[in-house]
Amino acid sequence: MHAKTLYDKLWKRHVVRCDDDGTCLLYIDRQLVHEVTSPQAFEGLRLTGRRPWRSAANVAVPDHNVPTTDRSGGIAEPLSRLQVETLDANCAEFGINEFVMNDVRQGIVHIIGPEQGLTLPGMTIVCGDSHTSTHGALGTLAFGIGTSEVEHVLATQCLIQKKARNMLVSVDGQAGRGVTAKDIMLAIIGEIGTAGGTGYVIEYGGDAIQALSVEGRMTVCNMSIEAGAKAGMIAVDDKTIAYVKGRPFAPKGDLWAQAEADWRTLHSDPGAHYDRIVHLDAAAIQPQVTWGTSPEMVTTIDGRVPDPADEPDPVKREGMKAALEYMGLAANTPIVEIYPDTVFLGSCTNARIEDLRAAAAIVKGHKLAGNIKRALVVPGSGLVKKQAEEEGLDTIFKACGFEWREAGCSMCLGMNEDRLSPKERCASTSNRNFEGRQGQGGRTHLVSPAMAAAAAITGHFIDVRTLEV
Amino acid sequence: MQAFRHLNGLVAPLDRSNVDTDAIIPKQFLKSIKRTGFGPNLFDEWRYRDHGELGMDCSKRPLNPDFVLNQPRYQGVQILLARDNFGCGSSREHAPWAILDFGIRVVIAPSFADIFANNCCKNGILPVVLSSAEVSRLFVEVDATPGYCLDVDLEKQRVTTPGGDVFTFAIDDFRKKCLLEGLDEISLTMQFVAEIKDFEARRMLAEPWLFSG
Ligand code: SF4
């Protein structure tokens with residue numbers, strides 16, 4: 001039989017029909033819905049008199065707009081409240097299961113999918129959100145879509161798609177101590193660029209990826225979109241199976257046995273063809289810090305802010321100049337001499353329990369450095385928060401000077417009140433350092449949770465491996 | 001969806017690569033639950049000197065005179081010229097809605113982010129990919145020629161300059177057909193209801209756990 005990649009296998013099992021030109025109707029097993037990109041889709045259904053094809057395939061949660069401070073009084077900001085109430089009303093009208101704001105299972109859509117077992121290996125998963133690629137860590141084909149497509153999936157359970165090209169990013173060997181999934185992914189983006197994955201689905205493989213926990217794999221797949229890829233995915237192995245087993249929406253009993261046997265086939269066959277293969281040496285990857293306004297503007301902790309004068313390409317040179325101006329950084333500044341004012345531990349990239357544990361291990365017994373004006377921990381879900389509290393992590397963070405918040409997207413994009421002020425500099429565990437992303441004029445440096453924690457207690461970026469833990 | 005066939009329109013140059021959807025329409029405007037009205041907030045943080053919020057009267061806000069779309073010569077723009085990886089970042093369809101609402105029907109760049117290009121096609125906006133060299137040349141010509149217009153013909157997949165130079169571009173056949181005819185994809189898919197049902201029935205047997213919840 002013809003050797004197939006993981007993507008080939010996932011694609012094939014979801015094709016309903018295909019035209020000669022390769023335009024296919026792809027069946028979608030799961031749609032995740034949040035309040036920002038869905039109101040116009042539900043409105044579209046109402047205007048055309050359509051009903052959801054299969055309500056049970058959809059799950060909704062409000063995450064982008066929700067306050068992360070005390071919620072007992074509801075949402076104060078009227079526009080955010082309207083958007084969340086609109087989601088509640090639409091889910092009620094169309095019979096869609098929703099984890100409402102005050103449900104302990106509420107959280108960032110890409111965190112609660114895997115956590116609840118709503119994300120199962122072998123599925124196609126979509127959401128009106130580009131970080132849907134996160135779910136690929138469990139051997140799924142998962143990608144972000146626009147609102148018109150949200151409506152299309154609601155109405156037909158399908159999408160019109162063409163197969164993308166397939167890239168293997170193999171991270172070979174073992175990453176060193178203190179080098180995390182986030183560092184690996186930032187290094188990959190630094191290598192292939194933010195458009196390097198355009199037109200591709202990326203499969204991540206190699207020893208260093210296999211060595212990651214499932215949560216770490218989610219961090220990697222999450223940022224596939226920052227590499228321009230349509231989706232990211234990782235083969236199913238024992239860790240995947242162990243992760244899924246026993247989750248609330250995972251199959252049980254005989255169905256579990258049947259599912260597990262099927263899922264164990266979800267890996268690329270030896271000799272399968274990829275359109276492009278990229279190798280990285282894990283041992284050479286150092287902790288990473290972004291210095292600019294695009295995730296590819298990244299360097300190592302022992303590096304310096306680059307000098308636009310050294311860039312031969314004039315378009316890139318201008319881009320670098322604009323980025324440095326926006327970031328308020330001089331060329332050649334050592335990364336360790338950059339001083340943030342804010343630390344944000346959160347987002348669908350890095351707000352799972354392992355992320356909080358890694359950061360807590362660094363800050364334990366320390367205080368925020370004097371120049372850190374604000375430090376937030378925003379757990380990815382109500383259940384992550386609960387787990388962290390059971391482990392006493394909240395006490396460690398609070399003793400250090402961090403604020404301990406409710407779950408949501410929060411300062412990853414600042415649609416609620418958690419935002420940077422102009423020129424405020426943030427060490428952030430999120431995924432985008434675009435201009436204005438965390439608040440108009442705000443300056444974002446993307447780092448791992450451990451590196452953010454290290455910056456919080458020392459007041460500047462520092463190689464976390466040099467700290468005594 | 002509004003069909004797109006042919007356009008002869010004024011071009012404005014946005015000389016940046018990696019223009020992301022947060023820049024095209026900042027997040028505070030995503031709180032709208034409507035599809036229309038985003039035009040005044042297109043590129044809000046670059047276009048105005050103050051901080052914009054949903055519901056503000058943009059006609060009273062201080063404009064940034066340096067931003068290209070505010071310059072008198074580019075008023076009435078219908079074609080936006082940009083650099084690599086235009087529309088990267090979030091999947092928000094509010095970005096093409098804002099572009100359309102502003103009156104832009106074509107974006108020309110050497111490359112686009114996938115989701116953004118897809119969202120454009122679903123809203124009657126044509127993303128045209130030309131080579132970096134061709135795009136660079138257009139930047140020079142636009143800059144040198146006030147009132148510079150391009151002729152964009154989707155049927156023939158051609159961009160023609162005022163000087164008569166012709167650049168061809170590639171586009172997926174299905175996307176082209178939908179744009180030319182202004183087709184509603186949901187109605188297209190609805191023609192295959194029976195096939196979708198058959199497919200579901202087969203998968204219920206092969207992967208029953210997917211349907212047990
Ligand atoms: S945490 Fe950030 S990236 Fe993730 S879904 Fe929320 S806003 Fe998007």
Spacing of A/D29 atom CG and B/L210 atom CG [to the nearest 0.5 Å] = 5.0 Å
request  = Measure distances from B/R202 to the heavy atoms of chain A and classify the residue's part below 4.5 Å as side chain, backbone, both or neither.
outcome  = neither
message = As an exercise, state the distance from OG of A/S130 to CG of B/D20, rounded to the nearest 0.5 Å.
response = 11.0 Å
A/S148-B/E93 side chain donor-acceptor pair, cut-off 3.5 Å = yes
query = Could A/R54 and B/E200 be called an ion pair, given the rule that one side-chain N must be under 4.0 Å from one carboxylate O?
reply = yes
request  = Find the distance between OG1 (A/T156) and CZ (B/F192) and round it off to the nearest 0.5 Å.
outcome  = 11.5 Å
task = Not counting sequence neighbours, which residues clear side chain to side chain donor-acceptor pair (under 3.5 Å) with B/H94? List them please.
result = none
ask   = For A/K162, is it the side chain, the backbone, both, or neither that has a heavy atom closer than 4.5 Å to a heavy atom of chain B?
value = side chain
note = Output for pair (A/T23 OG1, B/R175 CZ), nearest 0.5 Å, gives 10.0 Å
query = Can A/R50 and B/D184 be counted as an ion pair, charged N to O under 4.0 angstrom?
reply = yes
request  = With B/K197 as the cation and A/W53 as the aromatic partner, state whether NZ or CZ is under 6.0 Å from the six-membered ring centre and within 45° of the axis.
outcome  = yes
key: Region of A/S80 in contact with chain B, defined by heavy-atom distances below 4.5 Å   = both
request  = Check whether any side-chain N or O of A/R17 sits under 3.5 Å from a backbone N or O of B/E195 as a donor-acceptor pair, and report yes or no.
outcome  = no
inquiry  = As an exercise, state the distance from OG of B/S91 to CZ of A/F143, rounded to the nearest 0.5 Å.
reply    = 11.5 Å
query = Going by heavy atoms in the side chains, are B/S17 and A/K316 under 4.5 Å from each other?
reply = no
task = Considering only heavy atoms and a distance below 4.5 Å, find which of A/E151, A/R419, A/K230, A/E226 pairs most often with chain B.
result = A/E151
request  = Evaluate the ring planes of B/F199 and A/Y27, with Trp represented by its six-membered ring, and classify them as parallel (under 30°), tilted (30 to 60°) or perpendicular (over 60°).
outcome  = tilted
key: Sidechain N-carboxylate O distance under 4.0 Å for B/E207, A/R13   = yes
ask   = Charged N to carboxylate O below 4.0 Å: is that the case for B/D22 and A/R437?
value = yes
request  = Using non-hydrogen atoms and a 4.5 Å limit, figure out which bit of B/K34 sits close to chain A: side chain, backbone, both or neither.
outcome  = backbone
4.5 Å side-chain heavy-atom contact, A/T198 and B/S111 = no
request  = Would you mind reporting whether A/E77 and B/K31 have side-chain heavy atoms less than 4.5 Å apart?
outcome  = yes
query = Non-hydrogen atoms of chain B under 4.5 Å away: do they reach the side chain of A/E296, the backbone, both or neither?
reply = side chain
Side-chain ion pair, B/R16 and A/E318, N-O less than 4.0 Å = no
message = What part of A/Q258 gets within 4.5 angstrom of chain B, counting heavy atoms only: side chain, backbone, both, or neither?
response = both
key: Under 3.5 Å side-chain donor-acceptor pair for A/E435 and B/W46   = yes
task = Could you tell me whether the side chain of B/I115 reaches within less than 4.5 Å of the side chain of A/I225, counting heavy atoms only?
result = yes
query = Is there a donor in the side chain of A/E149 and an acceptor in the side chain of B/N118, or the other way round, less than 3.5 Å apart?
reply = yes
key: Pick from A/T132, A/L82, A/T194, A/T37 with the largest number of heavy-atom pairs that fall under 4.5 Å of chain B   = A/T194
key: Engaged part of B/R35 at the chain A interface, taking heavy atoms whose separation is under 4.5 Å   = both
task = Walk me through it: do B/I186 and A/T48 pass the test side chain to side chain contact (heavy atoms under 4.5 Å, CB included)?
result = CA-CA 10 Å; B/I186 297 181; A/T48 48; over 6 Å; no
task = Could you look at B/F112 and say if it's the side chain, the backbone, both or neither that has a heavy atom under 4.5 Å from chain A?
result = backbone
